[in-house]
> 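Structure incoming, see below.
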Amino acid sequence: GAGVSQSPSNKVTEKGKDVELRCDPISGHTALYWYRQSLGQGLEFLIYFQGNSAPDKSGLPSDRFSAERTGGSVSTLTIQRTQQEDSAVYLCASSSGLPEDEQYFGPGTRLTVT
Amino acid sequence: DQQVKQNSPSLSVQEGRISILNCDYTNSMFDYFLWYKKYPAEGPTFLISISSIKDKNEDGRFTVFLNKSAKHLSLHIVPSQPGDSAVYFCAASSRNPGGGADGLTFGKGTHLIIQP
């Protein structure tokens, strides 16, 4: 079946502009996660949606970052007033929501802020 | 402060030999551990996991060992094959009693290179 998809695959933006990144999780998966991987770093957790519960935003690095998940499916990650340090690969993952089900990752969106 | 540490940025192993990738963690609340494999320009793919109630989990050529007292886990790949060349990430989570799991905490990864 179809895996997690993300768009765009690459995004170049000017410092100060807003960007929106999209994630389409695996159909039926109730849990959705956003991570980012900066150059030379591991994956950094950003935000987690589980069903209709309030999202866990504990990983968001600043209030310029926000995410929503409409209808329990597609999610968008918005970064306002982008800064150069926001340059990274942004990865989305989904899972069934069961405790021991692994997370399935999308290919990521490479964001470059110039 | 890094809660999951992979102290070897890279590891080179000859084809057919055993590859051992190590991972240490500091958060005693972690109760579920996973290994992911990542090729360039692709998202990580799940490899193998282990619950804190176990000390070993095996799946084909891949075995994960967990030493809770030392807060250490390792991934063994035997025999190593050229297609195993990739970046391997160790990850940990705390599972919620009501189901689901918190976001994973990842190490920085180890680049495994299998030499023919």
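Chain letters run A, B, ... following the sequence lines, proteins first, then strands; residues in each count from 1. Heavy atoms only: backbone and side chains are in, while hydrogens, waters and symmetry mates are out.
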> Is the backbone of Leu104(B) close enough, under 3.5 Å, to the side chain of Tyr48(A) for a donor and an acceptor to pair up by distance?
no
> Please determine whether the number of non-hydrogen atoms from other residues, nucleotides or ligands lying under 6.0 Å from atom CZ of Arg17(B) exceeds 12.
no
> Under a single-linkage definition using a 4.5 Å side-chain heavy-atom cutoff for Ile, Leu, Val, Met, Phe, Trp and Tyr, are Val89(A) and Ile79(A) assigned to the same hydrophobic cluster?
no
> Relative to chain A, which of Gly43(B), Pro44(B), Gly109(B) shows the most heavy atom pairs under 4.5 Å?
Pro44(B)
> For the ring pair Phe105(A) and Tyr36(B), is the centre-to-centre distance below 6.0 Å?
yes
> Let me check something: do Leu73(B) and Leu112(B) share a hydrophobic cluster, defined by ILVMFWY side-chain heavy atoms less than 4.5 Å apart, either directly or through other members?
yes
> Checking Phe45(A) against Phe106(B) for the ring pair (Phe, Tyr, Trp, His ring centres under 6.0 Å) test, could you report, in this order, the C-alpha distance in whole Å, the side-chain angles of both residues, the deciding distance, and whether it holds?
CA-CA 8 Å; Phe45(A) 165 72; Phe106(B) 282 84; 9.9 Å; no
> Could you see if Leu34(B) belongs to whatever hydrophobic cluster contains Val64(B)? Use Ile, Leu, Val, Met, Phe, Trp, Tyr and a side-chain cutoff under 4.5 Å.
no
> Which one, Gln6(A), Gln41(A), Glu44(A), leads in non-hydrogen pairs under 4.5 Å with chain B?
Gln41(A)
> Between Thr45(B) and chain A, which part of the residue has a heavy atom less than 4.5 Å away: side chain, backbone, both or neither?
neither
> Linking I/L/V/M/F/W/Y whenever any side-chain heavy atoms sit under 4.5 Å apart, do Phe65(A) and Leu32(A) land together?
yes
> A quick test of your reading: do over 12 heavy atoms of other residues, nucleotides or ligands sit less than 6.0 Å from CD of Glu85(A)?
yes
> To the closest 0.5 Å, what do you measure between CD (Gln37(A)) and CZ (Phe89(B))?
4.0 Å
> Going from CD on Gln103(A) to OG on Ser49(B), what distance comes out if it is rounded to the nearest 0.5 angstrom?
11.5 Å
> According to a hydrophobic-cluster definition based on side-chain heavy atoms being under 4.5 Å apart (Ile, Leu, Val, Met, Phe, Trp, Tyr only), do Val87(B) and Val13(B) belong together?
no
> About how many Å separate CG of Leu43(A) and NZ of Lys38(B), when rounded to the nearest 0.5 Å?
7.5 Å
